[in-house]
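Working notes, structure below.
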Amino acid sequence: MTIQSSRTEDAGAPRTRANILLAAIRYVFLRVGVLPFFLVFSLVVFSLISNQFLSIQNLTNVARQSVYLVLVSLGQMLVLITGGFDLSVGTAIAMTSVVSAMAMVALAPVMPDMIWLAILLGAGAGLGAALLIGCLNGLGIAQFDVSPFIMTLGVQSVGAGIALFLTGGVPISGLPYDFGNFFGFGRVLGIPVPVMIALLAIVGIWLLMNRTKLGSHIYAVGGNVRAANLSGVNTKRVLFLAYVLCALLASLAGLLLTARVESGETNLGGTIALESIAACVIGGVSLRGGLGRVENVVLGAFFIVLLQNGMNIAQIGSYMQMVLLGSLLVLAVILDQFRYRMLVGDR
Amino acid sequence: MDNANTPLVEMTRISKEFPGVKALDGVDFRLQRGEVHVLFGENGAGKSTLISILSGLYRPTSGSLRIDGEEVDLRSVHDAARHGIGTVFQEFSLIPTLRVFENVYLGRELKRGPLTDRRAMAEGARALFHDLGFEIDIRRRVSTLSRAEQQMVEIAKVFLGKARVLILDEPTASLTEKETRKLFAFIAKAKADGVGIIYISHRIQEFREIADNISVLRDGRLIGTVSARDTSEKTLVELMTGRAIDQIYPEIGRQPDGRTLMTLRRMHGAGFHGVDIDVRAGEVLGVAGLVGSGKSRIWRSVLGLQPIRSGTVTLKGRDVTHAATRHMLRGGVYYLPPDRKGEGLQLAATARENIKLNLLGRAEIVGRLGIVAPRRARALADKIGERVGIASAHMGRIVSKLSGGNQQKVLFGKGFGEERDIYIFDEPTVGVDMGTRAALYRLIKEIAEAGKAVVVISSDLPEVMNLTHRLLVFSKGRVSAELTGTEIAEENVLKYFFAETGIQP
Ligand SMILES: Nc1ncnc2c1ncn2[C@@H]1O[C@H](COP(=O)(O)OP(=O)(O)OP(=O)(O)O)[C@@H](O)[C@H]1O
Ligand SMILES: [Mg+2]
């Protein structure tokens, strides 16, 4: 029966400058999470390595590249906040790409004078395919209580199989020129179309999460499902919609990617599930659900693309990049646990 | 159909079966407009189940339900709310990660066009809390509130809706006098407006003040409905248990000169400022005070559950200030947390497993090589279960499926796994019925008379006044009075609840 008194936290220490700095770091960590620290760290490191890194041109480039991850991360955020996650976002992208490309290739010769209608129908078909994936996930998780891990893992395999089956593994080329030209490379008011679409999506999802009933209910379900149910929230509907919206946002990214590469491909969303979860977690979304902010997730996605860009400039090989990204994710989760305990744990 | 004679709520021959349990068996229940109807009964009698059916949470196995004379089939809480039924559940329905006002408006958000109007909701919540006299910052996250504060939010939630039927399942379990007064005033107001109120409580002394009728349940059956005015407490307890209980609070002998086991000196921390306390062997020390007075937080900081800013804690001559919780426990301190769901219990495990968990250190169940003998552990757990009044049929059930009071008994039982020197009970009998309370008080008596130190922190005034030898009253983070013997009287204690300064010599 030994009692050790650990005097780690000394009471009444003087408010030195170091103390104030520490308090500030603690405050930012609690409010926003690990992201600001990661961001500052990588900005410093990469700008030391290369002076091109912080150039306007490179940063614009990063912004354009990050559009796809931002969209998927927004969707991923919705389901993470409900307390689940979606491993099938990559499949939603692949299905969208393949189905929309096939539809456009088939429709374009039939209606040569109405090429925009063909593009619209094709895009609709792609979104429809992803909608199906979202409904499947939502149904399994909300209605049949399948764990999100198993459900989305299963759907991921099913969807990938179907996409490969449809194409035989060969990319679908011969898409209407206007599709790639507008959605891949076009500009509106001087802003690249993909960036424009991403901005609209960010505003839309921000409004959803902060200013609508559904948004509050998504937070509530993730915070405590039973309590949400006792408060009269239709928890099944909320879960279902979260997975559907997630798939649709991934699908939107899929369409833009397809326009960018100008062909329908099954491997467009390869690592995006991991990357989007990483973006969210680094952006302060709690894996336990109930916590997470749109603006931080957007920054999180931006950070990951920035990191990849920086590593490319620093000539770090893609294999090593995988190692670093994975480690970063785990580190972010560990720090998130600390944060959660500090936020919710101490009364 | 607003005929004055049709009851507001009429439940007929309601039965409810859970797998292996008949929670309700042919219960009839009526509620009139402007009536306060109390449901009374032992833990597990079926009170919460009955009101859960009326709240749309459970559907009855058989029986019918009429509201305003109209037969209804409630499929969800949402459904019930549409029929004007508002419920404070025994199990809290708050989202820890959301703010207070977001919780209050959850499920009925105010909108402006297609968007929610957060400003209006914050304003509405602020006004409501002001009217209710609950002092809580509506922008705080619920996870940072104490249990009592959460209860206030829970209550505010139902008073926000325009309910025709208000159901309150043990709303005062964690509240002190002051908040309870406010709540009763609100209930009286709702009653005058013709709202029907169903009120569940184990605090029998509250009934005379607010109730019109009392329905007594036992083992899922309705024993009878009596008028609150004409029925004595003694009769009620007899109806509830089927036998007479002569004495709830036992006479506890006090060791004349018990050794001081723990001393707190000049303790400062969040919620308490400059507190000195001695904890002595063979004595029951009571700690009373309003919500937020620091009566609970000081002990949490002693246990290492929240930081101590300055001051010293000495345990049996050793300095244990800032010691980690596990060191305090190993040093012979037992702590019963007030929040059984949050900190006390493994909800997915059975009652027996929960008790067994604390037995792992006991010599008699650990054989050679440090291997636990399962049969002996089980027997010992069952013996402890019996001591704290858990029916043997309940020992094998998952804790989250037990009634609230029975969960509390499991928590209590965990304390008897190991021999300790100091027992700190924070709200030991929240939601426990009278019969079981008497049994738990007898256990406290045994512990104290065996020479252990006992600390009872409680918002239940009769409890702390009757059990304790020495009573500390907390006010605004300070000890405003230390009362012994005949000084422990209600007016005296209440006076010091609101004292502005520290102890007057
Ligand atoms: N979801 C459930 N699954 C299985 N059994 C349950 C469930 N809910 C309640 N029970 C059982 O039904 C019986 C009645 O429980 P109920 O919660 O209605 O009691 P109570 O009168 O409210 O008790 P208390 O005063 O302790 O709150 C108990 O035996 C309980 O174990
Ligand atoms: Mg109950």
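A note on names: the letters A, B, ... follow the listed sequences, proteins ahead of strands, and every chain is numbered from 1.
Residues satisfying the side chain to side chain donor-acceptor pair (under 3.5 Å) criterion with B:Tyr335, sequence neighbours excluded, are B:Arg300.
Under the 3.5 Å distance criterion, the side-chain polar atoms of B:Arg420 are left unmatched by any main-chain donor or acceptor of B:Arg330.
Looking only at heavy-atom pairs under 4.5 Å with chain A, the residue among B:Val77, B:Val313, B:Thr116 that has the most is B:Thr116. Contacts with chain B were tallied for A:Leu208, A:Val221, A:Thr212, A:Val225; A:Thr212 has the most, counting heavy-atom pairs under 4.5 Å. Chain A forms more heavy-atom pairs under 4.5 Å with one residue of B:Leu115, B:Leu94, B:Leu57, B:Asp117 than with any other, namely B:Leu115. Highest contact tally toward chain B, considering only A:Ala220, A:Gly215, A:Gly223, A:Ser216, is held by A:Ala220 [criterion: heavy-atom pairs under 4.5 Å].
For A:Asn234, no part sits under 4.5 Å from any heavy atom of chain B, backbone or side chain.
Salt bridge present: B:Glu102 and B:Arg118 bring a charged side-chain N and a carboxylate O closer than 4.0 Å.
Sorted by first then second residue, the ring pair (Phe, Tyr, Trp, His ring centres under 6.0 Å) pairs that include residues 139-171 of chain B, not counting sequence neighbours, are B:Phe159-B:Phe186.
Using a 30° and 60° split on the angle between ring planes, A:Phe85 and A:Phe149 fall in the perpendicular class, above 60°.
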